[in-house]
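A quick write-up on the structure given underneath.
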Amino acid sequence: MAFRLSHLSLVLSLVALALAGVAIYRNTYEAMMNNGGLLQTVSPDIGLLESAASILTLNNKNNIGAERKSAKLNQQLTQESCVFSAVKGVVDSAIDAETRMGASLIRLHFHDCFVDGCDGGILLDDIPGSFQGEQTSPPNDNSARGFEVIAQAKQSVVDTCPNISVSCADILAIAARDSVAKLGGQTYTVALGRSDARTANFTGALLQLPGPSDNLTEQIRKFSDKNFTIREMVALAGAHTVGFARCVTVCNSNNVNPAAQLQCNCSATQTDSNLQQLDATPAVFDKVYYDALNSNQGIMFSDQVLTGNTTTAAIVTTYSNDVNVFLGDFAAAMIKMGDLPPSAGAQLEIRDVCSRVNPSSVASM
């Protein structure tokens, strides 16, 4: 700050000096002309001096404008740093308490963005008798989790970063990125600026999300609908290198790879919380998932079919051979997924509470 003030003072002094010089020169010249002096033949370029003064003045204005822009940018960066720090603290604590939560938060972000874009729709609670959202749609019902962590992260931002408006969709994106990094994956940039939808799409969650029983053709279609390449699809499938599947999922023969020879340990009510890890290292973001696919030991049917096509099989092998290639591709695909826009014409806002629309909103429910 002291440097900027001294710089500004120097510029103002030069401007004043230049203007004073112009005035003195003009007065002296006019006096000589009136006295018929020898300097009548001299043609002083007073305009040039005035132009020099103008340039100095303009330069000063430009410097002030640049400093204001720099100050605004610094303020924005400081605000974003506050938001990122507030969310990271909550996410890290949640994963420290339960490692599985990292995979759950990654999945929650995926299930949000893949249904009508990254709009926080999955976070809206059902309202009995008037609104059924995405949480109770079959792909998410008693499966999607981590809602309380997102709520805590939102409150942390409100408490520690006053006067900063951040959407719940943004918090989901940050939480997923921080989960990847916490579990050993490659971090990546998350841009802020998403908005929250005032409604959610029960049917969209059922139709748009890839499922464990999807064959390769169906998976390619669903990812292509979101403008993902086949390579990006295989990279995003690598999220299954962390986390678990519920027993109700693995006890359905359509959902699992027969070669894995899984044992069903669900109760008759199908509400048991027994879990099946998705690879041998469910708490580490690594390439073991792809190693298992190459050995025909992938857990889910939708995972193992990635080796049934020469194109996708080659990508699986590439990732199995070089974890860094996988981590880089996964990070890039997550950035792309985080940019999926809300549906055209969607009513948007920045929710005060992630589980419900703002009281002033008129939601299309």
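Just the heavy atoms: all of them, side chains too, but no hydrogens, waters or symmetry mates, feed the values below. All figures in this text were calculated on a predicted structure; none of them were measured in a lab.
Each of V234 and L278 belongs to its own hydrophobic cluster when Ile, Leu, Val, Met, Phe, Trp and Tyr are linked at side-chain heavy-atom distances under 4.5 angstrom.
Note that the CD atom of Q135 and the CD1 atom of I122 stand 7.0 Å from one another [nearest 0.5 Å]. The structure places OG1 of T312 at 4.0 Å from CG of N309, a figure rounded to the nearest 0.5 Å. For the atom pair CZ (R246) and CD (Q276), the distance works out to 14.0 Å, reported to the nearest 0.5 Å. For the atom pair L124 CG and F131 CZ, the distance stands at 5.0 Å (nearest 0.5 Å).
When all heavy atoms are compared, the tightest approach of L105 to G146 is CD2-O, 3.8 Å. The two residues I174 and V190 make their nearest non-hydrogen contact at CG1-CG1, 4.0 Å. Looking at every heavy atom in both residues, Q186 comes nearest to A331 through NE2-CB, 3.9 Å.
In this structure, E349 contributes its side chain and S195 its backbone to no donor-acceptor pair below 3.5 Å. Between the side chain of N358 and the backbone N or O of I350, at least one donor-acceptor pair lies under 3.5 Å.
With a 6.0 Å radius and a threshold of 12 heavy atoms from other residues, nucleotides or ligands, R356 has its CZ atom at or below the threshold. In K222, the NZ atom is crowded: over 12 heavy atoms of neighbouring residues, nucleotides or ligands sit closer than 6.0 Å.
Side-chain contact check for I220 versus L216: some heavy-atom pair is nearer than 4.5 Å. No side-chain heavy atom of K182 sits under 4.5 Å from any side-chain heavy atom of V91. Looking only at side-chain heavy atoms (C-beta outward), V83 and Q79 stay at 4.5 Å or farther from each other. The closest side-chain heavy-atom distance from L327 to F285 is below 4.5 Å.
With sequence neighbours left out, N142 forms a side-chain hydrogen bond (donor to acceptor under 3.5 Å, both in side chains) with no residue at all. Residues meeting the ring pair (Phe, Tyr, Trp, His ring centres under 6.0 Å) test with Y289, sequence neighbours left out: none.
Under 3.5 Å, the side chains of D116 and Q208 contain a donor-acceptor pair of N or O atoms. For D279 and H240, the side-chain atoms include no donor-acceptor pair closer than 3.5 Å. Under the 3.5 Å distance criterion, with hydrogens and angles disregarded, no donor-acceptor pair is assigned to the side chains of R231 and T311. Between the side chains of R194 and S167, no donor N or O sits under 3.5 Å from an acceptor N or O. Judged purely by distance below 3.5 Å, without hydrogens or angles, the side chains of N215 and Q219 never pair a donor atom with an acceptor atom. The closest side-chain donor-acceptor pair between D286 and T281 falls under 3.5 angstrom.
With respect to the salt-bridge test (charged N to carboxylate O, under 4.0 angstrom), the residues D352 and K154 do not qualify. Ion pairing of D178 with K88 is absent here, as no side-chain N (NZ or NE/NH1/NH2) approaches a carboxylate O to less than 4.0 Å. With respect to the salt-bridge test (charged N to carboxylate O, under 4.0 angstrom), the residues K226 and E232 do not qualify.
Note that R177 lies in the cation-pi zone of F84, set by a 6.0 Å cut-off to the ring centre and a 45° limit from the axis.
When T241, N294, D329 are each tested for a side chain to side chain donor-acceptor pair (under 3.5 Å) with Y319, only one passes: D329.
Pairs engaging residues 300-331 under the disulfide bond (SG atoms under 2.5 Å apart) rule: none recorded [sequence neighbours left out].
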Chi angles and distances behind the salt bridge (charged side-chain N to carboxylate O under 4.0 Å, His left out) call for K287, D322 = CA-CA 8 Å; K287 69 179 184 67; D322 193 332; over 6 Å; no
Under the ring-ring contact (aromatic ring centres under 6.0 Å, His included) criterion, do F114 and F223 qualify, and how do the steps go?
-> CA-CA 9 Å; F114 241 70; F223 277 86; 5.0 Å; yes
